[in-house]
Amino acid sequence: MQTAIQPNSVFESLTQYGVAMLSPLYTKQCIEQWNQMLDPWFLSNKSSHRPYIRADQLQKLGLLDSIFNQNLKDLIKGLMHDAVLYHCHVYEIDSNQSKPHIYANNQLDGWHRDAECLYAAEQGEVHHFSFFVYLSDVDIKNGPFEIAPLSSFRSLKNHSPSIKV
């Protein structure tokens, strides 16, 4: 049985540190079921460097209800009472990559700021958040998500202090 996420502690972590780790919102069986449903689509679209499955395609596959389960809905409502969904997609990156999957050749060696994160930050408020679910295990050597929380884009440099998830 999964425990409900406490939005207050996530809110505090996001406003203080710019990042929050969550307890699992989905069971291992749920993730396995998603992989079984998504793998055939990814295999049929291997020609793309980073094939995407858009929200409308996720809806056709019947996955949106399980992605936006009650735990996630409660978390979102607790963080932003008037939240608007900006992106919702699934993508696959080939394993054993040795360089960033986007902007790999820029002077920041892949560091970039997502456009939707360019907001006027106010202390103690959450204006935007990104939520990632890995559908396969990764470790420090083979594909962790890397974030430089609460840093301005201008301060990013190669080897900036960061968190690898």
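When reading the values below, keep in mind they use all heavy atoms of this one structure, side chains included, and skip hydrogens, waters and symmetry mates. Keep in mind that this is a model prediction, so the values were computed, not measured.
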Report yes if the side chains of Leu63 and Val90 come closer than 4.5 Å at any heavy-atom pair, otherwise no.
no
Residue pairs, two or more places apart or on separate chains, that pass side-chain hydrogen bond (donor to acceptor under 3.5 Å, both in side chains) and touch residues 31-40
Trp34-Ser66
Taking all non-hydrogen atoms of both residues into account, name the closest pair between Leu79 and Val10 and its distance.
CD2-CG1, 4.0 Å
Might you point out which heavy atoms bring Gln57 and Trp41 nearest each other, and give the distance in Å?
NE2-CZ2, 3.8 Å
Smallest separation among heavy atoms of Tyr52 and His89, with atom names:
CE2-CD2, 3.2 Å
Which residues pass the side-chain contact (heavy atoms from CB on, under 4.5 Å) test with Tyr134, sequence neighbours left out?
Val138, Phe145
Going by the rule side-chain contact (heavy atoms from CB on, under 4.5 Å), which residues pair with Ala55 if we only count those two or more places apart in sequence or in a different chain?
Cys88
Rounded distance (nearest 0.5 Å) linking atom CG of Leu58 with atom CZ of Phe68:
9.0 Å
Between Tyr26 and Ile67, is there a donor-acceptor pair closer than 3.5 Å when you use the side chain of the first and the backbone of the second?
yes
Atom CZ of Phe131 and atom CG of Leu25: how far apart are they, to the nearest 0.5 Å?
4.5 Å
A side-chain contact here means heavy atoms from C-beta on lying under 4.5 Å apart; do Leu61 and Leu38 qualify?
yes
To the nearest 0.5 Å, what is the distance between CE (Met80) and CG (Leu14)?
10.5 Å
Test item: Leu85 and Ile76 side chains (from C-beta on) under 4.5 Å apart, heavy atoms:
no
